[in-house]
Amino acid sequence: MRVLVCGGAGYIGSNMTAMLAREGHQPVVFDNLSKGHREAVPNVQFVLGDFGDFNFTLEVLQKYSIEAVMHFAAFIEVGESVQEPLRYYENNVSKTRTLLAAMEKAGVSKFVFSSTAAVYGMPDTIPITEDVVKVPINPYGETKWVVERMCHFLCQTGRMRYAALRYFNACGACGNGTIGEDHHPESHLIPLIIQAAMGRRENIKIFGTDYPTDDGTCVRDYIHIEDLCKAHLLALKKLDNNTELVYNLGNGTGYSVRQVIDTICKVSGKDFEVVETDRRPGDPPVLTADASKARAELGWTTDYPELQTIIESAWKFHNDHPNGYED
Ligand code: UDP
């Protein structure tokens, strides 16, 4: 299938592009390189441009006879979204609306959307099922939820079919650790700890040690990027016979911040300074997925559920790219 990968030079998009190509699809990467890395894109068609540009996006959809769109081009920093909500609404909502309008005009109906567990806010029940009430507590989660609703209503017209995939904590690097996480600035736990272990960061700060969890630190559901991408392929296929799909993607197992630190110490064999600091605003104590719907309906299985395996792949990527892709 000819698939336009919006944000295909970013962390998840580039891993997805590699998998699509490997599985015999024809991905076309569409990225403005504002955050992504040209070096992360495998040897496939690359188009430099912005999905917020209606005319250009329409041209790209038509020129490459695109049959489906996977959309990863979003701003993803919770803290930044609180500081700059309008930037998030502009990039994550307005521009996605333009993309959908161009798809509608081009007659491209299949859309796989990168959503997030942040749509749930602070859920009362853990693990989280898809039907839990959605009360996002920051602009990032809200913008993703708005797009899901936009897709839902567009789907009702019969002019689009979509899959919204709600990621828990995506991490790790694909296959042999060649395509990994390189954000500027970095804000995600695993790459930050790895940087500390590599001596590239003075210390790692734990944001809050007084949560109602076993060791007082936040618990998250870490899902290997390769397993995450695999679910996209299954969802894309399922869109042949379905119009609206929504799935949580996580392992269902939670690890605390301290457990992640300990695992990185073990994998790296390095010691580094750990500093306990205040809570980060907007962090729920525990977020783990009930992904039984994806397993039952998509036949999705995870190959790398162990935190240690995930971290080993990330560790390899960071050691091979100590300055990220810019080396
Ligand atoms: N975290 C931390 N120190 C850091 C970065 C993150 O203690 O330097 C914690 C954060 O508060 C959260 C967990 O690690 O509980 C995962 O954070 P991350 O930003 O990686 O992902 P999120 O769960 O926010 O999507």
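Every number for a ligand or one of its atoms is a count from 1 in the order of the listing. Numbers for residues simply follow the sequence, beginning at 1.
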Q: Decide, yes or no, whether a salt bridge links Lys110 with Asp240 under the criterion of side-chain N to carboxylate O below 4.0 Å.
A: yes
Q: Between Val257, Leu287, Val274, Leu192, flag the one that comes closest to atom 9 (C) of ligand 1 by a heavy atom.
A: Val257
**Q.** Under 4.0 Å to a heavy atom of Lys205 - the qualifying atoms of ligand 1, by number
**A.** 2 (C), 3 (N), 4 (C), 7 (O), 8 (O)
Q: If you have a sec, work out which protein heavy atom is nearest atom 21 (O) of ligand 1 and how many Å separate them, to one decimal?
A: Asn169 ND2, 3.1 Å
Q | Basic-acidic side-chain contact under 4.0 Å: Arg201, Glu186 | A | no
Q: For the pair Arg159 and Glu104, find out whether any cationic side-chain nitrogen is under 4.0 Å from an anionic carboxylate oxygen.
A: yes
Q. If you measure from atom 23 (O) of ligand 1 to every heavy atom of Glu77, Gln195, Arg220, Glu276, which option wins on shortest distance?
A. Arg220
Q | Close-contact set for ligand 1 against Cys218 heavy atoms, below 4.0 Å | A | 15 (O)
Q: Taking only heavy atoms of Ile206 into account, list the atoms of ligand 1 that are under 4.0 Å away from them.
A: 7 (O)
Q: Please work out whether any backbone atom (N, CA, C, O) or any side-chain heavy atom from C-beta onward of Arg280 is under 4.0 Å from ligand 1, and answer side chain, backbone, both or neither.
A: side chain
(Q) With a 4.0 Å cut-off on N to O distance, would you call Lys95 and Asp53 a salt bridge? (A) no
Q) Between Lys316 and Asp320, is the closest basic N to carboxylate O distance under 4.0 Å? A) yes
**Q.** Contact atoms of ligand 1, heavy-atom distance to Phe207 under 4.0 Å
**A.** 1 (N), 2 (C), 3 (N), 4 (C), 5 (C), 6 (C), 7 (O), 8 (O), 11 (O)
Q: List every atom of ligand 1 that sits less than 4.0 Å from any heavy atom of Tyr222, numbering the atoms from 1 in the order shown and giving each element.
A: 16 (C)
Q. Below 6.0 angstrom between ring centroids: does that apply to His232 and Phe72?
A. yes
(Q) Could you check whether Arg87 pairs with Glu80 (Lys NZ or Arg NE/NH1/NH2 to Asp/Glu carboxylate O, under 4.0 Å)? (A) yes
Q) Is the gap between the ring centers of Tyr162 and Phe113 under 6.0 Å? A) no
(Q) Starting from atom 11 (O) of ligand 1, what is the nearest protein heavy atom, named by residue and atom, and what distance separates them? (A) Asp283 OD2, 2.4 Å
Q) How does Leu189 reach ligand 1, if at all, at less than 4.0 Å between non-hydrogen atoms: by side chain, backbone, both, or neither? A) both
Q. Which of the numbered atoms in ligand 1 are below 4.0 angstrom from a heavy atom of Ser187?
A. 5 (C), 19 (O)
